[in-house]
Structures are given as C-alpha cells and as structure tokens.
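To start, the structure under review is shown below, and the notes come after it.
Computed from a prediction, not measured in an experiment: that's the story for all the values here. For the single chain, residues carry numbers from 1 onward in sequence order. These numbers come from the heavy atoms of this one structure, side chains and all, not from hydrogens, waters or symmetry mates.
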Amino acid sequence: MTPNSLEPSGPLVGADWLADRLAAPGLVVFDASVGAHRGAGRRIPGARPFDLDGHLSDHEAPAPHTMPAPARFAEALRDLGLHDTDTVVVYDGAGIYSSARAWWMLRAMGFDRVAVLDGGLPAWTAAGLPVENARPAYDGPRGSFTPRPRPGLLVDAAAVTGALADPAAAVLDARTRERFAGTAPEPRAGLRGGHMPGALNLPFGDLQRDGGLMRPAGELREAFAALAGERERLYFSCGSGVTACVLALGADLAGYRRLAVYDGSWSEWGLPSAERPVATGPATGKG
C-alpha cells in the first residue's frame with residue numbers, strides 16, 4: 001500500500017476505507033470515546049486511547065475538556081506514538097460524538113492527515129468488522145509529533161462576544177433545543193440555563209442520519225444556510241467544547257472554511273460568576 005493511499009479524501013472516512021488499510025504502516029487509529037463509552041472494553045484492533053476525559057484535556061482549567069497547552073498536547077501525542085508523517089483515523093463508541101473533538105484538536109495543532117470514522121464504532125460493528133479487548137494504555141514506541149498551533153480554530157469568550165456582534169459571523173450552539181431555551185437543566189451543576197443572546201441553535205444530532213452517520217454534504221449545507229444565511233464565518237459552542245466540533249465537522253463537509261470552536265463553551269459562559277449575558281427561549285434570529 002502506497003503512502004498516497006493512506007491520504008483521506010476529506011475529513012470523513014467510512015468503515016470499509018478503514019478496514020482496507022487497518023494494518024498499513026503509518027496509519028494510527030485513535031479511540032476518543034468519553035463518558036460511559038470510555039473504557040467500555042472493546043476497540044477497533046490496534047486503536048490507541050485518545051483520552052479526552054483524561055490527560056488530553058487541561059484539568060487545571062475551569063471548563064472541562066479544555067485544550068491542553070501545545071507542549072503538553074505534543075507530549076501526550078508522542079506518548080501515543082504519533083509521528084508527523086502518520087495518517088490518523090479517530091472514532092468513538094457513541095457514533096460521531098467526541099471523535100470530532102479529537103479531529104478538531106489535531107487540526108488546531110497543525111495536523112491535517114486526520115479523519116473521523118463515519119458512524120464510529122457502531123458503524124464498524126454493524127459492518128461485521130472485528131473488535132478486540134481494549135488495553136488500558138498504549139505501550140508502544142514514542143512518536144515525534146510536532147505541534148504547529150493554528151490560532152483561531154479554538155477561541156475564547158472574548159472572540160465569541162465579538163462574533164455575536166459581527167453581522168458577518170454566526171454563532172451556532174450544538175446543545176439540545178431544551179437546553180438552549182433554558183427549559184431543561186444543564187447536566188453540569190451550577191450553570192445558568194439558556195444561551196448567548198444572538199446565538200442560533202443547531203443540535204448536533206440534526207446533522208446525522210440513521211446509524212449515526214453524517215448527512216450528505218448538500219443536506220448539511222442546507223442546515224447551516226437555514227440559520228446562518230450567507231454568512232461564511234461560523235463559530236460553534238456546546239456544553240464543554242465537544243459536540244461543537246461535530247458542527248465544525250459538518251460545516252467542513254458542507255464547504256465552509258472559516259470556522260472556530262469556543263473551547264470553554266457553555267461550561268464557561270454559563271457560570272454565574274462569569275456575568276455574561278444569557279437569554280432564554282428559542283432563538284429569534286436567522287441569516
């Protein structure tokens with residue numbers, strides 16, 4: 001198999017694509033499962049743990065799943081055996097949930113040879129492909145990953161505040177309609193209910209079809225355009241910066257290129273101590 005055959009044609013690959021290349025030198029598979037799916041005991045053969053609930057988030061930051069500093073991120077990826085010349089496929093046990101976060105983090109650190117497995121582990125097993133017992137940690141040789149940070153792919157509250165006031169930008173929230181409206185409680189204690197004034201609601205599940213697969217590019221474009229109109233600069237938020245990356249993945253597939261994820265998301269904005277404005281009820285604005 002040639003190196004070119006490992007180059008994904010886009011940010012999404014199917015189970016058949018991965019199965020045909022699974023044993024190829026230079027292909028790294030990361031399991032980025034979180035929550036109940038983390039450590040569930042089975043994995044795609046050879047997958048390495050991209051532990052967003054563990055060392056691949058900055059636990060000294062006030063918001064969960066905060067991106068680590070570049071040097072710390074690089075050490076973690078070297079410990080996982082990643083080289084700059086490798087190709088990465090990332091998946092999770094829920095379908096496409098936290099895998100998009102790992103994809104976006106790698107891109108934010110300048111690594112582009114990365115794709116998300118469409119449908120994740122459920123699609124892999126539905127195709128009758130093999131799994132194996134998961135190991136608690138990767139114990140292979142270290143890699144030589146070099147971080148090349150791209151400012152602007154992960155942004156802070158100040159950048160989002162500016163985007164909310166920018167008529168050329170749109171801020172989209174990936175949480176459920178009930179959480180966005182403030183009629184359902186936040187899963188993290190102490191957060192206010194509601195949303196950023198001026199934000200638009202696009203629940204991440206709306207971008208997926210049966211089986212947890214991403215919708216076709218044309219349908220994705222329609223979903224974003226229905227809210228953002230002609231705006232091409234898109235910012236994404238959610239509860240803790242995880243499913244916001246599903247929106248980033250969908251927007252990328254739809255052809256948008258000026259994208260940013262709010263790293264702290266509602267876990268930061270919704271803090272009572274933050275004193276940032278909060279609205280309740282459904283979104284009122286469109287493009």
Side-chain angles (χ1 to χ4, degrees), residues 1-34 37-52 54-56 73-148 150 211-214 245-246 248-249 252-253:
M1 186 168 290
T2 66
N4 286 341
S5 68
L6 289 181
E7 185 76 40
S9 59
L12 200 65
V13 298
D16 289 346
W17 188 97
L18 178 57
D20 288 344
R21 296 162 175 80
L22 191 58
L27 180 72
V28 174
V29 180
F30 284 142
D31 180 348
S33 300
V34 297
H37 294 281
R38 178 190 183 216
R42 60 177 186 164
R43 66 177 184 183
I44 292 174
R48 308 173 192 180
F50 193 103
D51 192 1
L52 291 166
H55 64 288
L56 278 161
F73 184 79
E75 278 301 301
L77 269 295
R78 291 169 190 154
D79 286 345
L80 287 171
L82 184 64
H83 297 281
D84 292 333
T85 55
D86 287 336
T87 294
V88 169
V89 175
V90 61
Y91 75 92
D92 66 72
I96 295 184
Y97 182 80
S98 49
S99 51
R101 172 69 181 184
W103 165 77
W104 193 252
M105 290 169 71
L106 283 161
R107 290 196 59 194
M109 285 295 109
F111 189 93
D112 287 327
R113 293 175 63 95
V114 55
V116 173
L117 177 62
D118 199 10
L121 187 61
W124 179 268
T125 57
L129 294 165
V131 295
E132 65 181 12
N133 292 332
R135 298 177 183 176
Y138 170 75
D139 57 3
R142 274 175 57 87
S144 57
F145 172 76
T146 305
R148 298 175 176 87
R150 288 176 170 144
L213 303 171
M214 295 296 289
C245 298
V246 179
L249 174 63
D252 189 287
L253 289 165

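Take D31 and apply the side chain to side chain donor-acceptor pair (under 3.5 Å) test, not counting sequence neighbours, and it matches S33, Y91. Legend: residues meeting side chain to side chain contact (heavy atoms under 4.5 Å, CB included) with L253, ordered by chain and number and at least two apart, are P11, L12, M214, L220, L249. For S144, the side chain to side chain donor-acceptor pair (under 3.5 Å) partners at least two apart in sequence or on another chain are H83. With sequence neighbours excluded, the residues forming a salt bridge (charged side-chain N to carboxylate O under 4.0 Å, His left out) with E132 are R43, listed by chain and number. Taking T146 as the reference, D84 meet the side chain to side chain donor-acceptor pair (under 3.5 Å) condition, with sequence neighbours excluded. Residues forming a side chain to side chain contact (heavy atoms under 4.5 Å, CB included) with A108 (at least two apart in sequence, or on another chain): L153, L154. The side chain to side chain donor-acceptor pair (under 3.5 Å) check on R148 picks up nothing, with sequence neighbours excluded. Under the salt bridge (charged side-chain N to carboxylate O under 4.0 Å, His left out) criterion, R150 pairs with D112, sequence neighbours left out. Legend: residues meeting salt bridge (charged side-chain N to carboxylate O under 4.0 Å, His left out) with D16, ordered by chain and number and at least two apart, are absent. Listed by chain and number, the residues in a salt bridge (charged side-chain N to carboxylate O under 4.0 Å, His left out) with D51 are R38 (sequence neighbours excluded).
Contact annotation: the side chain of H55 never approaches that of D79 to less than 4.5 Å [non-hydrogen atoms, C-beta and beyond]. Two residues are said to be in side-chain contact when any heavy atoms from C-beta on lie closer than 4.5 Å; L117 and S99 fail this criterion. Proximity of I44 to L129: side-chain heavy atoms (C-beta onward) are nowhere separated by under 4.5 Å. Side chains of V29 and R48 form no contact here, defined as non-hydrogen atoms less than 4.5 Å apart. Taking the side chain as every heavy atom from C-beta outward, M109 and L77 never approach each other to under 4.5 Å. Proximity of P147 to R78: side-chain heavy atoms (C-beta onward) are separated by under 4.5 Å at one or more points. Between L106 and V90, the closest side-chain pair of non-hydrogen atoms is not below 4.5 Å.
Here E7 does not pair with R21 in a salt bridge; the nearest charged N to carboxylate O distance is not below 4.0 Å.
Residues A123 and L213 share a closest heavy-atom pair of CB-CD2, 4.3 Å. Contact record, P45 with P130: CD-O, 3.1 Å, taken as the closest heavy-atom pair. The two residues P49 and A137 come nearest to each other via the heavy atoms CG-CA, 4.2 Å. Residues A32 and A102 share a closest heavy-atom pair of CB-CB, 3.9 Å.
When each of V114, L6, L22, V13 is paired with V89, the side chain to side chain contact (heavy atoms under 4.5 Å, CB included) condition holds for V13 and for no other.
Between the OG atom in S98 and the CG atom in L56 there is a gap of 12.0 Å [rounded to 0.5 Å].
Within 6.0 Å of OH in Y97 there are 12 or fewer heavy atoms belonging to other residues, nucleotides or ligands.
Residue pairs meeting the salt bridge (charged side-chain N to carboxylate O under 4.0 Å, His left out) criterion with at least one member in residues 89-100, sequence neighbours excluded, do not occur. For residues 102-142, the set of pairs meeting the ring-ring contact (aromatic ring centres under 6.0 Å, His included) definition, not counting sequence neighbours, is empty.
In this pair, F50 and F30 present their aromatic rings tilted. The plane angle is within the 30 to 60° band.
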